[in-house]
J.: 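Here you go, one structure.
Numbers for residues simply follow the sequence, beginning at 1.
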Amino acid sequence: MKIYKGNIIFAEVFGEYEIIPNGYIAVENEFIYGIYEDFPSDLDGYELIDFGDKIIIPSFCDIHLHAPQFVNRGLGMDKELLDWLEFYTFPEESKYEDLIYAKKAYKKFVKELWREGTLNAVVFGTIHRDATIELMDIMDEFGINGYVGKVNMDRNSPDFYIEDTESSIKTTLDFIEQSIDKYNRVKPIITPRFVPSCTRELMTELGEIADKYDLKIQSHLSENRSEVEWVKELHPESSSYYDVYKKYNLIRNNKTVMAHCCWNTDEEIKSMAEDKVFVAHSPYSNTNLSSGIAPIRKFLNNGVPVGLASDISGGHDISIRSVISISAQVSKMRWVYLNSDEESLNSAELFYLATKGGGAFFEKTGRFKEGYYFDALVLDDSNLLDINPRTLEERLERYFYIGDDRNIYKRFSSGKELKEIEADC
């Protein structure tokens, strides 16, 4: 048992900070044993670690990003989605057939997650089974938790980066068998890239595999208007983009995350709420690739679960801290320019989405609650303080907007402090 003392901030209720100044968190092995305002006398004698005036928060959760695209950050930002995929994304992802290249690149990616305090992530790999297993090995070794998918794509893809249907299915099954029980907190996830890149046969098989192994599913939905129109042309028999996934059993209740969701219809939003499909809000990517501004308040008001996402490399910044601030900004612009009745999102609400909201897609993380993993960041914001007294809420908000990775003093995953990762290129 260890007991950590500091200014504890978390979000148990959407839109509200829960703050315990000079509070205590007791941790037994991997899990939180209790949270206290005053020192728990029954725990006297256990090691006490006092972080003084520092702030303790849950670590960040990123529920959509592409590991192989990490090296492409900041490139192709003048293109829209489909051209960006053709000129930048597919050529880069094809390189991961080379395991030496993959290992070097993925170590850099995992170190950046560590650096920015993202200790739980939902990640796209590539179509390559061995490289994706390598990514999972690296994440597990360095204490970064989450779901990792071998991508599936057997149509409308370049000749140098495409699978045939049979091999896509076989390789996916091999990937699952090799990884499903290999790690403690890194698990496989079914990953059709998006509807245009997957045939009906492939989507049917992936839905059956997800059911057989009880796996979660990740993909993209209604990111870009051209993409939405393309799906209508490919699947005139379906009532909507969402309906295509539903038809092929790629929507699993409370086990599916869809990225972007900028152009969903009211009917789709109703179905997403009923199916408890998570929206991965990716504002950097949505603005960089001219996709749109997702109606996050509308999703939340209708009962659709939402988490935040960096979407590397459509998004250029892997920091969820930074995603919090851009999410606030784009929600204000949606309200201003669309004369929307959807109120903009505030810092407390976005902190919830970055921790408990996205954390709900994982196993027992994103919250400071008894029985949950102690996945936490200790923030030292002393370099951000000014000559005025500031509340803990103000200090946290300032960290979101002008802080950086240097303000993260300690990182804990499953109760264990994570030291800096070596990632030689």
J.: Would you name the heavy atoms of Val148 and Phe175 that are closest together and state the gap between them?
T.: O-CZ, 3.5 Å
J.: Should the pair Lys187 and Tyr147 be classed as cation-pi, given the thresholds of under 6.0 Å to the six-membered ring centre and 45° from the axis?
T.: no
J.: Side-chain contact test, heavy atoms from C-beta onward, threshold under 4.5 Å: evaluate it for Thr191 versus Ser219 and give yes or no.
T.: no
J.: Does any N or O in the side chain of Asp243 come within less than 3.5 Å of the main-chain N or O of Ser238, such that one atom is a donor and the other an acceptor?
T.: no
J.: Give the ring-plane orientation class for Phe124 versus His64, where under 30° counts as parallel, over 60° as perpendicular and anything between as tilted.
T.: perpendicular
J.: Under the criterion side chain to side chain donor-acceptor pair (under 3.5 Å), I'd like the reasoning laid out for Tyr183 against Asp137: C-alpha separation, chi angles, the key distance, then a yes or no.
T.: CA-CA 8 Å; Tyr183 318 96; Asp137 286 344; 2.6 Å; yes
J.: Are the side chain of Ser157 and the backbone of Met153 linked by a donor-acceptor contact shorter than 3.5 Å?
T.: no
J.: Please determine whether the number of non-hydrogen atoms from other residues, nucleotides or ligands lying under 6.0 Å from atom CD of Glu393 exceeds 12.
T.: yes
J.: Please lay out, stage by stage, how Ser319 and Asp405 fare under the test side chain to side chain donor-acceptor pair (under 3.5 Å).
T.: CA-CA 9 Å; Ser319 168; Asp405 63 285; over 6 Å; no
J.: Is there a side-chain contact between Thr256 and Leu250, using heavy atoms and a 4.5 Å cut-off?
T.: no
J.: Please determine if Glu86 and Lys79 form a salt bridge, counting it only when a charged side-chain N lies under 4.0 Å from a carboxylate O.
T.: no
J.: Taking it one step at a time, do Glu12 and Lys369 satisfy salt bridge (charged side-chain N to carboxylate O under 4.0 Å, His left out)?
T.: CA-CA 9 Å; Glu12 192 62 27; Lys369 182 179 174 64; 5.2 Å; no
J.: Think Arg321 forms a cation-pi with Phe400, using NZ or CZ under 6.0 Å from the six-ring centre and within 45 degrees of its axis?
T.: no
J.: Is it the case that more than 12 heavy atoms not belonging to Asp78 sit under 6.0 Å from its CG atom?
T.: no
J.: Going by heavy atoms in the side chains, are Ile293 and Asn286 under 4.5 Å from each other?
T.: no
J.: Is any side-chain heavy atom of Leu215 closer than 4.5 Å to a side-chain heavy atom of Pro188?
T.: yes
J.: Does this structure show an ion pair linking Arg73 with Asp317, if we count only N-O contacts that are shorter than 4.0 Å?
T.: no
J.: Does the distance from a Lys or Arg side-chain N to an Asp or Glu carboxylate O, for Arg411 and Glu417, drop under 4.0 Å?
T.: no
J.: Using the salt bridge (charged side-chain N to carboxylate O under 4.0 Å, His left out) rule, collect all pairs that involve residues 13-26, keeping only residues at least two apart or in two chains.
T.: none
J.: May I ask you to establish whether Lys216 and Phe361 are in a cation-pi arrangement, using a distance under 6.0 Å from NZ or CZ to the six-membered ring centre and at most 45° from the ring axis?
T.: yes
J.: Do Leu379 and Tyr399 have side chains that get closer than 4.5 Å, going by heavy atoms?
T.: yes
J.: Taking it one step at a time, do Gln69 and Glu93 satisfy side chain to side chain donor-acceptor pair (under 3.5 Å)?
T.: CA-CA 7 Å; Gln69 295 176 23; Glu93 291 191 12; 3.0 Å; yes
J.: If the threshold is 4.0 Å, N to carboxylate O, is there a salt bridge linking Asp375 and Arg185?
T.: yes
J.: Knowing that exactly one of Phe31, Tyr33, Phe10, Tyr4 qualifies, which makes a ring-ring contact (aromatic ring centres under 6.0 Å, His included) with Phe374?
T.: Tyr4
J.: Please evaluate residues Asp380 and Arg406 with respect to the criterion salt bridge (charged side-chain N to carboxylate O under 4.0 Å, His left out), reporting the C-alpha separation (whole Å), side-chain torsions for both, the decisive distance (0.1 Å), and the verdict.
T.: CA-CA 8 Å; Asp380 180 356; Arg406 291 169 295 181; over 6 Å; no
J.: Using the rule given for side chain to side chain donor-acceptor pair (under 3.5 Å), can you reason through Tyr241 versus Glu227, listing the C-alpha separation, both sets of side-chain angles and the distance that settles it, and then say yes or no?
T.: CA-CA 10 Å; Tyr241 197 158; Glu227 169 210 14; 2.5 Å; yes
J.: Any side-chain heavy atom of Val231 sitting closer than 4.5 Å to one from Pro196?
T.: yes
J.: Report the residue from Phe109, Tyr101, Tyr161 that forms a ring-ring contact (aromatic ring centres under 6.0 Å, His included) with Tyr96.
T.: Tyr101
J.: If every non-hydrogen atom of Asp62 is compared with every non-hydrogen atom of Ser310, which pair is closest and at what distance?
T.: OD2-OG, 2.6 Å
J.: So which atom in Tyr284 and which in Ser322 form the shortest heavy-atom distance, rounded to 0.1 Å?
T.: OH-OG, 2.5 Å
J.: Are Lys54 and Asp381 within salt-bridge range, i.e. N to O under 4.0 Å?
T.: no
J.: State plainly whether the residues Arg193 and Glu163 are in salt-bridge range, i.e. N to O under 4.0 Å.
T.: no
J.: With respect to Ser313, which candidate in Asn72, Asn288, Leu75, Ile318 satisfies the side chain to side chain contact (heavy atoms under 4.5 Å, CB included) definition?
T.: Asn72
J.: Any salt bridge between Lys170 and Asp174, counting N to O under 4.0 Å?
T.: yes
J.: How are the rings of His260 and His220 set relative to one another: parallel (under 30°), tilted (30 to 60°) or perpendicular (over 60°)?
T.: parallel
J.: Less than 4.0 angstrom from a charged side-chain N to a carboxylate O is my criterion; do Asp211 and Arg252 meet it?
T.: yes
J.: Looking at Glu370, I want to see if its CD is surrounded by more than 12 non-hydrogen atoms of other residues, nucleotides or ligands under 6.0 Å.
T.: no
